[in-house]
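Chain naming here is simple, since letters A, B, ... match the order of the sequence lines and numbering starts at 1 in each. Not measured: the values here are computed from a predicted model.
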There are 2 protein chains.
Amino acid sequence: MKNYIHPLQEEYDLSTFNFFKSLTPDELKTLDGQISASQYKKGDVIYHEGKRLTGFYCIMSGVLKVIKTGSDGKEQIIRFVTKGDIIAYRSLLSKEGACTTAKVIEQAVLVHVPYNTLTSILSSNHKFTLNTLQVVCKELKDANNYITDIAHKTVRERVAEVLIMLRDKFGVNKDNVLQVSLTREEIANMVGTATESVIRLLSEFKHDKIIEIKGREIKFVNLPRLTRIANM
Amino acid sequence: MKNYIHPLQEEYDLSTFNFFKSLTPDELKTLDGQISASQYKKGDVIYHEGKRLTGFYCIMSGVLKVIKTGSDGKEQIIRFVTKGDIIAYRSLLSKEGACTTAKVIEQAVLVHVPYNTLTSILSSNHKFTLNTLQVVCKELKDANNYITDIAHKTVRERVAEVLIMLRDKFGVNKDNVLQVSLTREEIANMVGTATESVIRLLSEFKHDKIIEIKGREIKFVNLPRLTRIANM
DNA sequence: CTTACCTAATGATATATTTCATGATTTACA
DNA sequence: TGTAAATCATGAAATATATCATTAGGTAAG
């Protein structure tokens, strides 16, 4: 399932992480001794809904999706995470099992930071705690925005919005092609709709020369128009 | 718009608030000197989307709704708050304008705690900070759950679910009647649907003897069945 | 290389929900 | 308490989206 990689210093230098920016050199050094890096491949599950966790993870490379299973059995993608993001910190603080599942989309290297390490830093470094509080607040804000969107926008609007969100998150290459490969189903799980609906809407956007599609490649042709459709 | 009430000690004893449970007697005393209680009436807006705030509020009594305006102009109710809840703490930490609006539904008494007071306690009392972190994490979890629900459940399921949520939040009297008076439109704004749909579904539930309705009074008759409809 | 399987595409049909319209109640407030 | 305004209720029609079914492409594994 996962392969431990050599602890090459360079490979998991956490000091570059925004999340750890308020740590002292000493604290970073302590941190270094308690963490472990692992490599995961596509499809690997990092943690499962309900599972008790021993620590949180920093994404060094790769792409993961954080999902929740709905009552109808379909999965809802809560967010995508990439290099620089952290996952599983929420359930550590609440001391409950995880309320989401994290699954690898593109081969990833993750650094595991034990719960104890986190709490000891939280208790000694006040700035770090405030920082963490802000990270969570930011996520809460995003979540509230998403609730409002999903409740009031049409599927068409939401598909357009998700495309823009993906563009912001993953970026595009020189040809304006989205730098991540997702299935139509994954986009549907992000939007919260049927796969067929996403396919139809992508085709429609393609027909209207708003995007171009070649397999899973999505090229942004008319971003202003897409933004207008998304109602943003 | 609002009437300042007399600072009767008993009226705003914050030590009973869960949120402040980790404060020392000294800190509570300091807090007491910096807060102010006000009474608001139905329809009053405590703060508006985008507004910069000077502090957060503790609800001593009454009912408020926290809303966000969607792109279609309709409001989405993010949550209801009652005695013991706090509002506006998020935007204080992120140092941005508020991303929601808080409006009074039932005459309320709120205690205003200045931003500076909060940060000074946050920097001195580590337990309090961790506690705050947990409160925010709890809200984030709720938000994630709600995203999954709203994206995957039918309007019918969501109306049932919201009724149950309201019951958990506001309770019922001895006759199983919900202890809060909401308009159909407010329920619709909670569910994220059209007012007429809520009206129709409530009528349906009434016809099926799951609830009884008399004006805005909602009586729970068959809770197990409602829970089954809600898919919980 | 080739078979098998997952993913994408598209049409037809079903259906839940919205929207519009109109009248009946109820609520709030002067 | 009376009265205007808001809310509630219901029907009919429109519509967006889901579901089902089938075919075609890709992709991955043997």
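By the 4.5 Å heavy-atom criterion applied to side chains, D85(B) and L64(B) are not counted as neighbours. At least one side-chain heavy atom of I105(A) sits under 4.5 Å from a side-chain heavy atom of E186(A). Contact of the C58(A) side chain with the I86(A) side chain is registered, since non-hydrogen atoms from C-beta on lie closer than 4.5 Å.
Note: CG (L182(A)) to P (dG26(D)) measures 19 Å, nearest angstrom. Taking atom CD on E157(B) and atom P on dA16(C), their separation rounds to 12 Å, with Å as the unit. For I199(A) and dG25(D), the CD1 to C1' distance is 12 Å, given to the nearest whole Å.
Under 3.5 Å, the side chains of K68(B) and N145(A) contain a donor-acceptor pair of N or O atoms.
In terms of heavy-atom proximity, I35(B) sits nearest to D32(B) at CG1-O, 3.6 Å. The shortest heavy-atom contact between Y47(A) and A88(A) is CE2-CB, 3.7 Å. For the residue pair R158(B) and I150(B), the shortest heavy atom distance occurs at NH1-O, 3.4 Å. Taking every heavy atom of both residues into account, M190(B) and Q76(B) meet most closely at O-NE2, 3.2 Å.
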**Study point:** Contact pattern, 5' to 3', of nucleotides 16-23 of chain D - B, S or - by protein heavy atom under 4.0 Å
**Key:** -SSBB---

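In terms of phosphate contacts, T195(A) brings no side-chain nitrogen or oxygen within less than 4.0 Å of OP1 or OP2 of dT7(C).
A heavy-atom distance below 4.0 Å to DNA chain D is reached by none of the residues of residues 205-220 of chain A.
A donor-acceptor contact shorter than 3.5 Å links the side chain of D44(A) to the backbone of K41(A).
Between E75(B) and K65(B), at least one side-chain N (NZ, or NE/NH1/NH2) sits under 4.0 Å from a carboxylate O, which counts as a salt bridge.
Summary for the helix from dC1(C)-dG30(D) to dA30(C)-dT1(D): the axes at its two ends, each from 5 pairs, differ by 60° when rounded to the nearest 10 degrees.
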